[in-house]
K.L.:
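Please read through the structure below; I'll follow up with questions.
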Amino acid sequence: MAPPPLCIGVVAPLTGRLSPLGAPLSYVPRALAPRLAHVRNGGRRHGVTVTVRDSRSEPGATRRAARDLAVEDGAHIVLPMAGTRVLPAVADACEETGVPCVSTTFPWQAYVHARGAGPAHRFRWTYHFSWGLDDIARVFAGMWERIAPRATVGCLWNDDLQGRLLRHERYGFGAALSGRGHTPADLGAYHEPATDLRAQAARLREHGADLVTSASTATDLALFHRQAREAGPRPRLITCSRWPTYPHTHTTPAPDVHAELGDARVVTLGCWSPVHPYRSSLDGGTCAEPARAYEEDTGAAWLQPLGLRARPAGDRVPRPGHGRRPGRPRLGRRRRGPHPARHHRGPAGPDGRRHPEHRAAAPGGRPVAP
């Protein structure tokens with residue numbers, strides 16, 4: 001008698017505000033499906049199915065999608081990605097239904113605090129491995145110091161959870177920068193997507209800051225840069241952790257965004273690219289292979305979420321015995337008692353293909369020329 005198949009559930013934003021990310025996020029599970037056709041457990045081969053459900057880019061639908069994967073599709077593990085409010089909703093639903101959930105590319109502070117927990121809280125079914133806001137702050141500080149050893153830095157942060165965490169006294173940028181001589185200048189919270197950032201541009205000039213750090217989307221950052229130029233001298237450098245990684249999270253076409261940014265010097269973190277020198281533990285493939293396949297199959301340029309999705313989908317395939325549930329085969333060794341949320345501070349690296357005026361950061365914050 002054949003053993004029951006294993007089901008990998010994927011929650012991706014196929015529709016809604018985050019839908020431009022849905023293409024690379026849903027592409028990887030489909031591409032990996034043939035390689036994940038079977039897994040072995042104690043000499044027995046289990047078939048593997050991959051089921052994708054739409055998060056619709058909003059928490060309520062995301063929670064329903066995760067529950068449907070657990071209850072209707074019988075998922076043994078769920079892989080979510082994308083969205084400050086969306087990813088925690090998947091994790092919470094998996095915690096409630098007792099299904100392992102593995103996620104990444106989301107600062108661990110946001111993962112913990114978005115779920116109403118503290119760093120000491122121990123989750124039983126949900127695993128997260130990623131960098132933290134403190135890691136980003138230190139890399140960006142290294143970039144600022146190549147321009148000025150002690151600088152006033154204008155902080156363009158929104159009024160959502162993301163902005164509140166960046167301002168947090170203990171976990172935010174200010175705490176990570178303590179002792180380095182930089183002065184963060186909060187330019188004022190704004191609602192995303194922004195329609196007018198002239199007040200923030202005026203505060204930038206009032207503080208005399210010519211360096212900017214942000215976690216804005218592409219369209220919001222372009223709007224701010226244009227209005228900052230109109231209010232005074234353009235910023236000498238913008239460090240932004242978000243939009244170069246997710247350049248199309250809103251509807252503004254990329255050429256229009258680049259035109260508004262003009263001669264802006266935008267620097268980001270390179271968390272994955274086709275030139276990263278790592279290989280998959282699943283099949284030994286290089287980082288360049290999924291990027292090339294995606295471009296050939298879709299005609300679209302690769303995005304960093306393509307590689308970040310490949311990591312939990314391929315390299316984190318559940319091993320025999322983990323998190324047993326009644327009537328289902330073991331997927332990996334079960335832990336004794338609850339386990340904490342995990343985070344891993346992986347290396348930054350070059351950003352591969354990018355707009356000519358953009359730079360990526362190598363480990364330690366050294367800008368890498370394109």
Side-chain angles (χ1 to χ4, degrees), residues 5-39 46-106 111 125-130 246 249 272 280-283 290 293-294 297-298 300 302-319 322-323 325 328 331-332:
L6 308 179
C7 176
I8 298 177
V10 176
V11 181
L14 306 180
T15 59
R17 188 174 69 91
L18 299 173
S19 59
L21 294 177
L25 299 185
S26 59
Y27 172 83
V28 171
R30 292 197 302 268
L32 287 177
R35 302 179 188 179
L36 300 176
H38 296 90
V39 294
H46 294 268
V48 177
T49 62
V50 178
T51 303
V52 180
R53 291 230 177 211
D54 185 9
S55 73
R56 301 184 184 178
S57 305
E58 65 93 11
T62 296
R63 185 179 290 272
R64 290 191 294 273
R67 285 184 171 276
D68 288 345
L69 284 169
V71 177
E72 297 181 11
D73 301 309
H76 296 88
I77 189 168
V78 174
L79 310 178
M81 189 178 282
T84 304
R85 297 188 178 279
V86 170
L87 191 151
V90 177
D92 283 343
C94 289
E95 192 76 23
E96 293 167 4
T97 54
V99 177
C101 174
V102 180
S103 55
T104 184
T105 186
F106 194 68
Y111 179 87
W125 295 98
T126 47
Y127 297 82
H128 186 70
F129 63 107
S130 188
Y246 305 101
T249 52
W272 179 89
S280 169
S281 62
L282 179 65
D283 60 5
Y294 180 77
D297 292 346
T298 67
W302 66 270
L303 295 176
Q304 288 203 59
L306 181 69
L308 297 172
R309 168 58 80 189
R311 181 66 186 272
D315 293 356
R316 297 288 174 171
V317 173
R319 294 179 297 175
H322 183 77
R325 303 178 64 200
R328 300 188 181 184
L331 295 178

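A quick note: this is a predicted structure, and the numbers were derived from the prediction, not measured. The first residue in the sequence is number 1, and the count goes up from there.
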K.L.:
Nearest 0.5 angstrom please: C101 SG to I77 CD1, how far?
P.N.:
8.0 Å
K.L.:
What is the distance from atom OG1 of T104 to atom OH of Y127, rounded to the nearest 0.5 Å?
P.N.:
15.5 Å
K.L.:
Of all heavy-atom pairs between D54 and L14, which one has the smallest distance, and what is that distance?
P.N.:
OD1-N, 2.9 Å
K.L.:
What are the two closest heavy atoms between Y27 and D297, and how far apart are they?
P.N.:
OH-OD2, 2.6 Å
K.L.:
Quick one: side chain to side chain donor-acceptor pair (under 3.5 Å) partners of T298, sequence neighbours excluded?
P.N.:
none
K.L.:
Mind checking the OG1-CG spacing from T49 to L6? Nearest 0.5 Å is all I need.
P.N.:
8.0 Å
K.L.:
Check whether T15 reaches the backbone of S57 with its side chain - one donor and one acceptor, N or O, closer than 3.5 Å.
P.N.:
no
K.L.:
State, with a plain yes or no, whether a side-chain heavy atom of F106 is found less than 4.5 Å away from one of P88.
P.N.:
yes
K.L.:
So, for L87 and S103, which heavy atoms are closest and what is the spacing to 0.1 Å?
P.N.:
CD2-OG, 3.8 Å
K.L.:
Going from CG on L18 to CZ on R56, what distance comes out if it is rounded to the nearest 0.5 angstrom?
P.N.:
14.5 Å
K.L.:
Looking only at non-hydrogen atoms, find the nearest pair between W272 and P290 and report the distance.
P.N.:
CZ2-CG, 4.1 Å
K.L.:
Tabulate below the donor-acceptor pairs under 3.5 Å that side-chain atoms of residues 62-71 make, not counting sequence neighbours, or state none.
P.N.:
{"from": "T62", "atom 1": "OG1", "to": "S55", "atom 2": "O", "distance (Å)": "3.3"}
{"from": "T62", "atom 1": "OG1", "to": "E58", "atom 2": "O", "distance (Å)": "2.8"}
{"from": "R63", "atom 1": "NH1", "to": "E96", "atom 2": "OE1", "distance (Å)": "3.4"}
{"from": "R63", "atom 1": "NH1", "to": "E96", "atom 2": "OE2", "distance (Å)": "3.1"}
{"from": "R67", "atom 1": "NH2", "to": "E96", "atom 2": "OE1", "distance (Å)": "2.4"}

